[in-house]
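Heads up, the thing below is written out as structure tokens.
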Amino acid sequence: SQQGEEDPQALSIQEGENATMNCSYKTSINNLQWYRQNSGRGLVHLILIRSNEREKHSGRLRVTLDTSKKSSSLLITASRAADTASYFCATDASNDYKLSFGAGTTVTVRA
Amino acid sequence: EPEVTQTPSHQVTQMGQEVILRCVPISNHLYFYWYRQILGQKVEFLVSFYNNEISEKSEIFDDQFSVERPDGSNFTLKIRSTKLEDSAMYFCASRVDQSYGYTFGSGTRLTVV
């Protein structure tokens, strides 16, 4: 299966702390994307990292990609209560053009 | 910022009834998708659509499902005879081409009773 798998499943941190979550996948990819989903709501695209990129930043988000290990990480720095959500990695495989989602990491930021 | 718009936001239907979920993708996007998320589970791919035809579909997308782009702006998902297990959040997505990220709509929560 191409699906990304996130780790940990759940994460609880204090406001101001950093949150790190990881994603592993199985086959070659064109890119890997991270999405946020607030409870019962839609998917919000956060960041896309291409297979030839190793690191990407967007505001308080930092994404790394290690294609040799088939893994990615998402770091949220200086977390806020509003960052409370589920975070999903999704892989865009080399041999097809659909996203395969992982099960997600549920992040709770305590005020 | 351009959005993908989905209607309705929530639909309740009786088992066996037909439902049509509607989506308006971003106007210059060329690739369109439907995904679904059963409560508490992963987001699953249903179907992709390009150049007025289905480019790929999953095993979930059986004969009960169909998609259409009837007028060049709307993109619809029809379920002909709904089952209880079709209850899920259905997401429409579009992108300008295959090297870009997706823009997802806010979803339609379908409840089959």
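Naming: A, B, ... by sequence-line order, numbering from 1 per chain.
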Mind listing the closest non-hydrogen atom pair of D83(A) and V109(A) along with its distance? CB-CG2, 4.1 Å

Minimum-distance pair of heavy atoms, taken over all atoms of L65(A) and R50(A): CD2-O, 3.4 Å

Quiz question: by atom type and distance under 3.5 Å, do the side chains of D66(A) and S68(A) form a donor-acceptor pair? yes

Chain A contact via E44(B) - side chain, backbone, both or neither, heavy atoms under 4.5 Å: neither

Choice from Y35(B), Y102(B), F45(B), Y50(B) maximising heavy atom contacts with chain A below 4.5 Å: Y102(B)

Centroid separation under 6.0 Å, is that true for the rings of Y35(A) and F101(A)? yes

Please identify, among Q37(A), H45(A), R41(A), the residue contributing the most non-hydrogen atom pairs under 4.5 Å to chain B. Q37(A)

